[in-house]
Structures are given as structure tokens and as C-alpha cells.
Amino acid sequence: MAAPIRLFARRVFRDSPLNSCVNVASLRTRLSCSVVVSVFRCFSDGAGGKSTHFGFETVPEAEKAQRVYKVFESVAQKYDVMNDAMSLGVHRLWKDMLLHVMHPQPGAKLLDVAGGTGDISVRFLNYVRSQQDRQQRRAALANQTPSWQEISENYASEAGTQDPQESRAVVCDINKEMLKMGKQKAESLGITTGLSWVVGDAEELPFDDDLFDVYTIAFGIRNVTHIDQALQEALRVLKPGGRFMCLEFSKVTNPVLSRLYDAYSFQLIPVLGEVIAGDWKSYQYLVESIRKFPDQETFKGMIEDAGFYNVQYYNLTGGVVALHSGFKL
């Protein structure tokens, strides 16, 4: 840059010595000011920290996690009831679809991040049990022993030697209140083995590398401050060949349905939150956070950028919810 300045100065000096002094001086002043301003901006950005969104509100990154924690601490007691009320029960079908697409086999190890009250993990264990029972029945029917009594005894002995909870699920959530409610629910359903509850941050998971066969996060990743970091953590804890699955609210594809959905979301869901849970603001945030989450294609690109392969997604209920899936190779 110095050479062009010197050339410019020579030309100006040649035309007008007085003007050249003024121009070179002003140029030096502008360059000096530019450097000073740049340094000041860098210092200011570093001091002030980065910002992110909390619903439609812009907040410092360090503040978002605390505010999200308070939201779910507030709604934990009525979380399951509100899920039924807000989705008219359809959230159960979305979660069932996730398990249908996952199709886990006996022996699989699941990590359910932002697992809340354990809906996905409970479904996972029930699904694996049904798969295990089906396999045992097929084995018994395939047995060529002529005595049905021997077949029955063989089936019983196999059932006794195989642990029905061989597969394991770990519910990991940053919110202790949500985990507390989930554990109580699991115990009320009679699920006391094969299920663990761990307090942990999606952006810094407390697990070793290459540990799980399946990683799920349902209606939780939009609340994460650094989504790219959470995706990197998902890749790290999955075994080679492991599967990432994310169920999340997304962008409605039908214009008519989109208008109806917006009206329902902004006008009714906060009201339901106030009536059922006594908390308007938390459900207002949840509605707003859905609108700030990337659309299906953008999120697919983020998953691919994290290092996953064969990434695809399925739109459910016209795109109200999308199920994204990818594999670690």
C-alpha cells in the first residue's frame, strides 16, 4: 500500500507543491484514524461480548443459557400437560414417528439430549423390548423340536438368560427440574432399569468419545446458544456408524396452513400457558424461538457442516415439525 501512496504523492507534488502537502497530510491522518478506529472496535467487541436471540429479543450470549434454564424450570411441573394442550396430542405421533424411523435393535445405546421428561427414552426402551420379544417369538417358532413343551421351556430359558434391559438410554438435560419430573414419570411407568438421568450441557457433554449408537434431541436444539457446537458434540459422542436424529419445529410449507399456524401460535399458545401453567412469558418465548430457528434446508446444511453424512429430513404435519437424520462415518 506504501508504493501507491508514494506514487500518488509524487504526482500531486509535480502539479502543486502546496496541495501535495495538504493531501499527503490528510491521507496520513485518515490512515492513522482508520487504524485507531479498527483497534478500538476490536477492543469494544471483545469487551462487550457477542449477542444472540432469546425469542425475538437480542441478549448477550452468556445470558441466554440462564434465561432458557429459568424458562424450563418454570414450566417443568406442567411440561407434559402443556405439550398435549399445545399440540392437541399430536406431539405423541411425532415422537412415535422418530422411533419408527430410528428402528433401534436390542443392544442399542441411546443418548437423549435435552431429554426433558424422558418421552423419547421411554419410547426407545419400549420399542427395543418389543423388538426383543418379537425376535424371541420368531426363534421359538423356528425351533424344529416336535414337543411344544420343549419349545416353551426353551423360550423361557432364553428369556431368562437375556437381559430385557440390555439396551440403555441416557437422558441428558441441563435442567435439574426437568430431570426430576422425568424420573418420577419413569418410575410411575415401572421403568427403573436401563434408564439413566444425567445433568449436562448439549454444548459440552459429560461423556467420552464414540460411546452411543443413537443421539436424539427433540424440541431442544433451538434453545441451544451455539447450535454448531452442540452438533460437534453429537458427532464426538456417537460411535462410527452412529445416528444423529433431531425432532424440531420448523417452517410450514403450505401458505394457508402457515397463516393458521401463526395465528394459533401467537394468539392461543401463550394464553394456554397462562391458564394451565400460570406462565404467559415462557410460552411466548417458546413460540418466538420456533420462528428464529433455521428452516429445513439451512439446518440440514448445518448438520452436514458438522461432519455428518447421508443427512436427510422428513416434514411432519406440513412442516410444522421436521425430523432430521444423519450418520457418523
Side-chain angles (χ1 to χ4, degrees), residues 50-76 78-87 90-91 94-95 98 112-117 119-120 172-175 177-178 201-203 216-231 234 246-253 257-274 276-300 302-303 313 315-324:
K50 296 181 180 180
S51 61
T52 186
H53 63 83
F54 178 79
F56 290 160
E57 185 180 351
T58 300
V59 299
E61 282 188 349
E63 185 180 321
K64 178 173 179 176
Q66 298 174 358
R67 295 182 68 168
V68 170
Y69 187 95
K70 290 180 181 178
V71 165
F72 285 93
E73 187 177 47
S74 173
V75 304
K78 297 290 185 178
Y79 185 77
D80 288 332
V81 175
M82 277 300 299
N83 278 347
D84 282 329
M86 289 189 301
S87 69
V90 179
H91 76 100
W94 295 332
K95 293 168 182 174
L98 185 151
D112 182 20
V113 176
T117 56
D119 273 2
I120 301 299
C172 180
D173 199 296
I174 200 170
N175 195 290
E177 282 300 312
M178 294 291 288
D201 187 345
E203 297 182 25
T216 58
I217 182 165
F219 307 112
I221 202 164
R222 75 180 187 279
N223 299 309
V224 173
T225 304
H226 304 101
I227 295 175
D228 55 344
Q229 192 169 326
L231 293 173
C246 177
L247 192 66
E248 188 55 88
F249 291 106
S250 198
K251 297 296 182 289
V252 178
T253 54
L257 179 59
S258 179
R259 287 194 293 271
L260 293 173
Y261 177 55
D262 282 344
Y264 175 76
S265 297
F266 286 100
Q267 296 179 23
L268 285 180
I269 288 180
V271 175
L272 288 173
E274 180 65 28
I276 297 175
D279 191 339
W280 178 294
K281 288 185 178 180
S282 292
Y283 286 95
Q284 182 70 29
Y285 156 74
L286 293 176
V287 170
E288 293 175 358
S289 68
I290 293 170
R291 300 314 188 277
K292 298 295 290 184
F293 190 71
D295 62 28
Q296 291 89 325
E297 282 293 328
T298 302
F299 187 50
K300 177 186 175 185
M302 295 173 69
I303 299 170
Y313 63 85
N315 280 327
L316 309 179
T317 318
V320 171
V321 166
L323 171 60
H324 284 76

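These figures come from a predicted structure and were not determined experimentally.
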Worksheet item: Going through the distances and angles, do Tyr313 and Leu323 end up as a side chain to side chain contact (heavy atoms under 4.5 Å, CB included)?
Response: CA-CA 5 Å; Tyr313 63 85; Leu323 171 60; over 6 Å; no

Discussion item. Between Val252 and Asp262, is the side chain to side chain contact (heavy atoms under 4.5 Å, CB included) condition met? List the steps.
Written reply: CA-CA 10 Å; Val252 178; Asp262 282 344; over 6 Å; no

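- Between Ala218 and Ile120, the shortest heavy-atom contact is CB-CG1, 3.9 Å.
- Atom OG1 of residue Thr317 and atom OH of residue Tyr261 lie 9.5 Å apart, to the nearest 0.5 angstrom.
- Taken to the nearest 0.5 Å, the CD1 atom of Ile290 stands 9.5 Å off from the CG atom of Asn223.
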Worksheet item: What do the steps show when you test Ile221 against Met302 for side chain to side chain contact (heavy atoms under 4.5 Å, CB included), and what is the final call?
Response: CA-CA 12 Å; Ile221 202 164; Met302 295 173 69; over 6 Å; no

Fill in: Check against side chain to side chain contact (heavy atoms under 4.5 Å, CB included), Thr216 and Leu247
CA-CA 8 Å; Thr216 58; Leu247 192 66; over 6 Å; no

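- Listed for the Glu203 side chain is no donor-acceptor partner under 3.5 Å among the backbone atoms of Gln229.
- Counting only distance, with no hydrogens or angles, the side chain of Glu248 and the backbone of Ala322 share no donor-acceptor pair below 3.5 Å.
- Looking only at side-chain heavy atoms (C-beta outward), Leu231 and Ile227 come within less than 4.5 Å of each other.
- Side chain of Asp201 to backbone of Ile174: no donor-acceptor contact under 3.5 angstrom is found.
- For the residue pair Tyr283 and Glu274, no side-chain donor N or O sits within less than 3.5 Å of a side-chain acceptor on the partner.
- Taking the six-membered ring for Trp, Phe299 and Phe293 have ring centres closer than 6.0 Å.
- Relative to the six-membered ring of Tyr285, Arg222 misses at least one condition, a distance below 6.0 Å or an angle of at most 45° to the axis.
- Residue Phe266 holds its CZ atom at 6.0 Å from CD of Glu288, rounded to the nearest 0.5 Å.
- Without hydrogens or angle criteria, Tyr264 side chain to Met86 main chain gives a donor-acceptor distance under 3.5 Å.
- In this structure, Phe219 and Trp94 have tilted ring planes: the angle between them lies in the 30° to 60° band.
- The two residues Ile276 and Ala85 make their nearest non-hydrogen contact at CD1-CB, 3.6 Å.
- Closest approach of Leu272 to Met82, counting heavy atoms only: O-SD, 3.7 Å.
- Considering every non-hydrogen atom in both Ala114 and Gly220, the closest pair reads CB-CA, 4.0 Å.
- Val224 and Ala202 get closest at one heavy-atom pair: CG2-CB, 4.2 Å.
- Rounding to the nearest 0.5 Å gives a distance of 14.5 Å between NZ of Lys281 and CG of Leu286.
- Between the OG atom in Ser250 and the NE2 atom in His324 there is a gap of 6.0 Å [rounded to 0.5 Å].
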